[in-house]
Student: 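For reference, the structure I am asking about is given below.
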Amino acid sequence: MAEQKLRCPVCGSTEFIYDPETGELICKRCGYVLETTVDVGKEWREFDIKDAETKRRAGSPTTLTKMATGLSTEIGNIEDLYKLSEEERAEFMRLKKWQQRATSSLERNLKIAMQELKRITSQLNLPQTVEEEAAKIYLEAAEKGLIRGRSIETVVAACVYIACRKLEIPVTFEEIAQAAGVNKKELGRTYRYLIRQLKIKVLPISPVEYVHRFGALLNLPPEVIAKAVEIVEKARELDLTSGRGPQGIAAAALYIAATMYGIRKTQREIAEVAGVTEVTIRNRYKELVEKLGLQIEETGKKKR
DNA sequence: AAGACGAAAGTGGTTGA
DNA sequence: TCAACAACTTTCGTCTT
């Protein structure tokens with residue numbers, strides 16, 4: 001995957017404003033919001049055990065995600081021990097032991113979970129809002145005892161997925177499973193279990209969202225993406241989208257749009273970014289072409 | 001040689017009796 | 001709880017560029 005210069009998929013501008021609040025890139029010219037999941041070279045991760053030390057009690061606003069990492073701090077670090085007198089050291093150990101006992105299992109669980117959450121969201125470059133939302137969901141799940149019998153990683157991953165769906169961020173199942181390092185099947189099961197138990201309603205992500213994302217990933221020009229969106233919308237009117245995987249629809253629409261403009265993208269390439277197989281693209285593609293009465297021409301001819 | 005196409009069989013999940 | 005079913009995948013052979 002070549003890193004190309006970041007370009008707005010709608011208007012082609014290369015100037016963006018970064019919104020640190022949400023972690024989004026916003027096109028200066030047309031205001032299109034580009035998820036940072038797309039390759040901005042900014043890969044900040046933090047595994048900051050030591051870093052946390054300096055930030056502790058720094059008075060940063062308490063948010064749900066921080067609660068487990070920042071506030072329920074350990075008492076001191078090992079290095080600090082050497083600066084202490086004997087009695088102080090004894091006191092230290094006593095406190096430390098006390099803390100361990102006093103820390104409820106829920107609290108400990110949350111702490112680990114929040115670290116994991118941070119890891120996943122920053123690896124995928126997801127906006128802060130997702131992190132907060134996922135944390136909220138996890139907390140709720142934890143309080144209802146839904147975690148029992150499931151690994152923390154899996155539950156966290158499921159929460160992230162739910163959060164993304166709620167916030168309409170088109171991230172695929174696979175991406176999360178991969179970033180979290182959990183089994184896809186298990187993740188799916190946990191995900192469904194959670195939304196049932198927590199009575200969360202998630203509407204399926206619109207294929208349009210995926211069109212934008214995949215289009216950007218494939219470096220397709222704005223006209224092609226606009227065309228693909230048009231196709232998706234027409235398909236929706238004819239009720240071709242319900243019950244089908246939105247990714248498949250988006251992929252097929254992009255494929256059709258690209259060939260209409262004479263842009264050669266292999267089904268394989270598109271299938272790859274969309275997380276579906278070529279066969280699925282073909283099926284949707286066939287379906288779309290015949291039901292919408294489209295004609296594919298290489299000369300950039302347009303249908304009404 | 002690579003990509004597109006499609007048939008056939010398999011997988012995991014949903015639904016309805 | 002189980003069987004039918006839809007959507008999607010895997011695999012593989014054939015045609016096209």
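These numbers come from a predicted model, not from an experiment. So that the names make sense, note that chain A is the first sequence line, chain B the second, and so on, each numbered from 1. All values below were derived from every heavy atom in this structure, side-chain atoms included, with hydrogens, water molecules and symmetry-related copies excluded.
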Student: I'd like to compare against my own output: the B/S/- annotation of nucleotides 2-14 of chain B with a strict under-4.0 Å heavy-atom distance to protein.
Tutor: -SSBB------SS
Student: Which heavy-atom pair separates L218(A) from I270(A) by the least distance, and what is that distance?
Tutor: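 Where L218(A) meets I270(A) most closely, the heavy atoms are CD1-CG1, 3.8 Å.
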Student: Looking at CZ of R282(A) and CD of Q267(A), how far apart are the two atoms once the value is rounded to the nearest 0.5 Å?
Tutor: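 Reported to 0.5 Å precision, the distance equals 5.5 Å.
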Student: More than 12 heavy atoms of other residues, nucleotides or ligands under 6.0 Å from CD of E174(A): is that the case?
Tutor: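 Counting neighbours around CD of E174(A), more than 12 heavy atoms of other residues, nucleotides or ligands fall under 6.0 Å, so yes.
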Student: Any chance you could encode DNA chain C as dot-bracket? Rule is Watson-Crick or G-U wobble with both distances under 3.5 Å; [ ] for pairs crossing earlier ones, | for another strand.
Tutor: |||||.|||||||||||
Student: I'd like to know if Y261(A) and L217(A) are part of one continuous hydrophobic network [Ile/Leu/Val/Met/Phe/Trp/Tyr, side-chain heavy atoms within less than 4.5 Å].
Tutor: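 Yes, same cluster.
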Student: Can I get a per-line list of side-chain donor-acceptor pairs under 3.5 Å for residues 247-255 of chain A, giving both atom names and the distance, sequence neighbours left out?
Tutor:
unit_1  : atom_1 : unit_2  : atom_2 : d
Q247(A) : NE2    : A274(A) : O      : 3.3

Student: Do K234(A) and E237(A) sit within salt-bridge range, that is, some charged N less than 4.0 Å from a carboxylate O?
Tutor: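 Answer for the salt bridge query: no.
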Student: Can you name the closest pair of heavy atoms from L110(A) and L139(A) and give their distance?
Tutor: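 In terms of heavy atoms, the two residues are closest at CD1-CD1, 3.6 Å.
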Student: CZ of F173(A) versus P of dC8(C): gap in Å, rounded?
Tutor: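 In whole Å, dC8(C) P lies 15 Å from F173(A) CZ.
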Student: Does the side chain of T129(A) come under 3.5 Å of the side chain of E132(A) through a donor N or O and an acceptor N or O?
Tutor: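 Side-chain D/A pair, T129(A) to E132(A): absent.
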Student: To the nearest 0.5 Å, tell me how far K199(A) NZ sits from E140(A) CD.
Tutor: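 Here the rounded value is 10.5 Å.
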Student: So, R165(A) versus Y161(A): side-chain donor-acceptor pair below 3.5 Å or not?
Tutor: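 Their side chains do contain a donor-acceptor pair, which is all the 3.5 Å distance test asks for.
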Student: Kindly say whether G262(A) contributes a backbone atom to a donor-acceptor pair with the side chain of T259(A) at under 3.5 angstrom?
Tutor: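 Not a single qualifying donor-acceptor pair exists.
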Student: Could you list the residues that satisfy side-chain contact (heavy atoms from CB on, under 4.5 Å) with A113(A), not counting sequence neighbours?
Tutor: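 Result, side-chain contact (heavy atoms from CB on, under 4.5 Å) vs A113(A): N109(A), Y138(A), I152(A), V156(A).
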Student: Shortest non-hydrogen contact from M114(A) to A135(A)?
Tutor: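 For M114(A) versus A135(A), the nearest heavy atoms are SD-CB, 4.0 Å.
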Student: Using whole Å, report how far CZ of R284(A) lies from C1' of dA7(C).
Tutor: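 So the two atoms are 7 Å apart, to the nearest Å.
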Student: Could you go through nucleotides 15-17 of chain B and list every protein N or O atom that sits under 3.5 Å from one of its N or O atoms, giving the distance for each pair?
Tutor:
none

Student: Polar-atom pairs under 3.5 Å, protein N or O versus N or O of nucleotides 13-17 of chain C: list them with distances, or write none.
Tutor:
none

